[in-house]
Every structure is written in C-alpha cells, then in structure tokens.
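As structure tokens, the structure follows; a few thoughts come after it.
Numbered from 1 within each chain, the chains take letters A, B, ... in sequence-line order. These figures come from a predicted structure and were not determined experimentally.
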Number of protein chains: 2
Amino acid sequence: MSRSTNPVGAEAAQQHPRATRREPLSRERVLSAALALVDAEGVEALTMRRLARDLGCNAMALYRYAASRDELLDGVVETVLAELVIAPDGSGWEDRLRSIAHEFRRLALAHPRVVPLVVTRPLATPLGLRPLGTVRPLEMLLAMLVDAGFAPTDALRVYRAYFGFLYGHVLTELQELVASPEESDDLLRLGLHRLPPQEFPYVRSLATELAHYDGAAELDQGLDILLTGLSGHRRPRTTVG
Amino acid sequence: MSRSTNPVGAEAAQQHPRATRREPLSRERVLSAALALVDAEGVEALTMRRLARDLGCNAMALYRYAASRDELLDGVVETVLAELVIAPDGSGWEDRLRSIAHEFRRLALAHPRVVPLVVTRPLATPLGLRPLGTVRPLEMLLAMLVDAGFAPTDALRVYRAYFGFLYGHVLTELQELVASPEESDDLLRLGLHRLPPQEFPYVRSLATELAHYDGAAELDQGLDILLTGLSGHRRPRTTVG
DNA sequence: TTGTGTAAGTCTACGGTGTAGACCTATAGT
DNA sequence: ACTATAGGTCTACACCGTAGACTTACACAA
C-alpha cells in the first residue's frame, strides 16, 4: 500500500473533488476492478485497455500500480487469497483444516474463473519471489500445525498433502461444468451425446452422477480419508485433546 | 538443402517456396512441433507465426490442421495425455492406480510447462465437448474400476478422489521450483531471503525441506493414505484377491 | 488432350495486444 | 516564485489471432 503522510504534521488529507475528475486510482481500486472483470468475463478479458476503460482512465495509468499485466494477474490471485480466513484457535487442528478447506472451496466457487490463476501462477515463480499474499497461507498453516504439536518437517508434509488435495478437489469440482444448464436431460446438459457410445460407455452411463456433484460432501469424504490418514501416519508430538 | 530426397521428377514438383519443402504438414506433425515448442519455451511462446516458422510454413497453413490457437492447445494436452499408458491387467486395482499415478507424475515432470494446460483447459469446456483424448483416461479408469468390482457410481467417486489427488500432487510438486539451481544455499535457491523474516519464520526455516522434495516418495505416501481410505470407505462388490 | 474440382498453402489486411518513452499538469515543499 | 515530483496521457512499435481472397498442384472425368 502507499505510504501515507507522516503522522508528524497535520493530516493534509483534504481532498477536493474538483482536483480529480473521479476518485483517484489506487492499487486496491485497480485490483478490485481487475477481479471484478475476471469474475465477470474471464481472464482473457482482462486487458490493460479494457480495465482502464472500466476505471475511466488511460491504459498506461495502470502501470503506476502494477508493473505489468502479469503482475496484475498475481494481484488478482492475491486479492482472492486474502479473503481466505484461517479459523481462529479453540478447535483442534483437524477441525481447523476442515474449516479452511470449506472456506477455500467457497472462494473457488465464488471466483471460478480465478481458480486457473490460483493453481497456475505459482508454477511460474519460485516460492520466494511470489507475491507475499500468496505465501501467507503457507506460513499460517505451518504456524498452526506447529502450534498444534507437529514437528516443522511434518507440518510441511501435512501442508503439502492437504493443499495438494484441496487444489485437486477444487479443480475436479469445477470441471463438472454443464454445457447448457437449461437442458433437462443430463446427457445433453454435459454434451455427452457427442461422445461415441461404443468408445465411452461408462462416461455416458454416468451422466446423472456427473451432472449432480455434491462438492461439499465429496470434500468432506476426502477430508475424512486425508485426516485419518495423516493422523495415523505421523502423529503430532503432543496429543491434542 | 537441395532436392536430394526426391530425385524423381514425376511427382516432385516442389520449387516455389523459398524454403525447401520438407515432408508435408499433418496434424500429427503440427501438434508435435507445438508440444516441442511449449516444452522448450512455454505456452506463451506458442504463437501461430512462431510455430509456422518452426515448421517452415506460413502461419495460415496451420489452420488446416487446427481451427484456432485454442484448439492447438487442446491438441497439445491430448498429445501428452495420449502417452499415459494404463497398466495392463494382472494386478489388483490398487496396484494399477499406483502405477498410473507414477506414470502421470512422470509425464508431468517430462512436460512441466504443459501441466498448466492439462489442469486448466478442462475448466473451460464441458465434459462432452472436450477432445476425446482428454476424456479417454476417465473412461479407461472407470472401466478398470468397474472391472475390479466397483459399482459404477463408486467407480466415479474413486476416480474423482484419485484424479483430484493426482492433479493436486503434481501441482504441488511442480511449485517447488528453484529460482537459481546453481546456488548452493537453499534459502537463496528458492529466493526465500526476500521474505520478511519476522512475517515468514516457518517458511524460511524450512528452506532445506522445501528445496529437497522427494516427489515420488510423497506421492507414494499420499497413495497409501488415499487407497486405504478408499478401501475402507467403500468396498468393491466382490473381494479381489 | 482439356476442363474442373479440390486440397494445401500463401498473401494481405484488420483490429487488437502489452508496453516503452516522451510528454503534460497539478500540487507540495522550499 | 521556483522546482521536483507523482499521477496521468499520448503516441508509437512490434507482435498477435485470424478472416478472406488468392495461388498452386494434382486427381480424375470427358
């Protein structure tokens, strides 16, 4: 964020609406407009000129707040991830992981067109060079797990298994897109009628199950498997009652 | 660089283009060149003009073999996924899932820059409208699981959990990118020195573990958890072995 | 032979893209 | 009053995907 005026002098924040045609730009305003645009029309719609138009400014003005389009995309990811609230203390680490997982799923469903960015952007950038907001969930989860009694190394392993599972679940759930929601026939809704019947008998026969995916339930089942597996394999140093 | 390959003049009229006409284009040739380009320089390097240059033809010629750049990307995904060999019968479903998982991981490591496409492209297209080569693994796994005694509905659930886990693992493993492989210090290799120490104590302290990720081992541990979990929760109709 | 249809590839052009660099302009600090 | 600077604009460039018309080369019927 921009460094505000020093608290030494009187706050000179007198802003005259005359001075600026519209309320002034800011990184936050730019990023939230960018997120809105991606949510509404997808990543490819986020161009500098288009975003500038939405904000009522010149395209080049955006470069004061993001060094490039790529950094803009990173900023969008950061903005979404900042919404991920880590459940407060008071419950065991398993319950907290459960809660965070559902929170993450909620975010993914709220911003489905950002998900590709979330899972993909980190692949291009080494950990230490990523936007801080992207690394923060990792740090917070490690802290939580260590706090719950895990040795740091085990905490990292749990984190990896857990977040990998989470990414995978979200991707899987979002893949169950319906081609034409208004269509009543499940086969048609998913476009499955275009698959050669003799080559894809099972996929076609599972049209109904494919069309109705209870993501929350499936997430819970996965968490059951994962958490009991993690508890069984490597226990925290201290038992958390 | 002359017409040495085809001395007979009967059907060897190939003089006009500035570059010597090599063997004719084909969808396979185009896609394999596209894959090579993505492997070498990343997705953003795959432009029509650049690919055409690599193939020694005009950019517009490519449209005879792919309707658009997007379809080209789908083709690249299909090409990679076609390499995924499903283990033959003779072993139990759990062993086969294990083998396929390692095969998938091998592919991901062999084509890291294609992975974003693999996990991301399906999000844009409903199941039935995807390239057939993309749906084939789903069909094959369903067939295998049903063959192993699962009810189709359970097979689908297993598939979802399994492939979700697989996607997640691969994404997680590929995220452990080293900024500068030649650097000896783990902290520096991952660029972790740029993280504020007081805000990211755990991430920084785990530099060594982050830099040395035994992906195969972690995959196996995850598979252990997943498969025992799956066996425990929903059994096949008939007991195998 | 000639004519014709067709597939493969080329050329040109259009509207769009990210962004470098020069420029403008209103304000803050001296 | 002067000037430095931050915020925003303008212009320009190289590149992008691709529509549409054009050029071939060749198979085959007459």
Closest listed nucleotide, where the reference is the side chain of [X] and the choices are [options]:
X	options	answer
A/C57	D/dT9, C/dT10, C/dG18	D/dT9
A/M60	C/dT10, D/dT18, C/dG21	C/dG21
B/N58	C/dC11, C/dT17, D/dG8	C/dC11

> Do the ring planes of A/F104 and A/Y167 sit parallel (below 30°), tilted (30 to 60°) or perpendicular (above 60°)?
Replying inline: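 Correct class here is parallel.
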[X] [atom1] to [N] [atom2]: how many Å, rounded?
X	N	atom1	atom2	answer
B/R53	C/dG9	CZ	C1'	19 Å
B/E44	C/dT19	CD	P	12 Å
B/Y63	D/dA21	OH	C1'	16 Å
B/L51	C/dG9	CG	P	13 Å
B/L62	C/dC11	CG	C1'	15 Å

Okay, side chain of [X], backbone of [Y]: is any donor-acceptor separation there less than 3.5 Å?
X	Y	result
B/Y202	A/L141	no
B/R50	B/A45	no
B/R194	A/G128	no

>> What residues from residues 64-73 of chain A pass a heavy-atom cutoff of under 4.0 Å to DNA chain C?
In response: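 Hits under 4.0 Å, by residue number: A/S68, A/R69.
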>> Going by side-chain hydrogen bond (donor to acceptor under 3.5 Å, both in side chains), name the pairs with one or both residues in residues 169-178 of chain B, residues two or more places apart or in two chains.
In response: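 Checked against side-chain hydrogen bond (donor to acceptor under 3.5 Å, both in side chains) - neighbours excluded - the pairs reaching residues 169-178 of chain B are A/R130-B/Q175, A/R160-B/E176, B/R105-B/E173, B/H169-B/E173.
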> Hey, is the side chain of B/R49 pairing donor to acceptor with the base of D/dG17 inside 3.5 Å?
Replying inline: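 Indeed, a donor on one side and an acceptor on the other fall under 3.5 Å apart.
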> Which atom pair, heavy atoms only, marks the closest approach of A/L174 to A/V115?
Replying inline: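 That closest heavy-atom pairing would be CD1-CG2, 3.5 Å.
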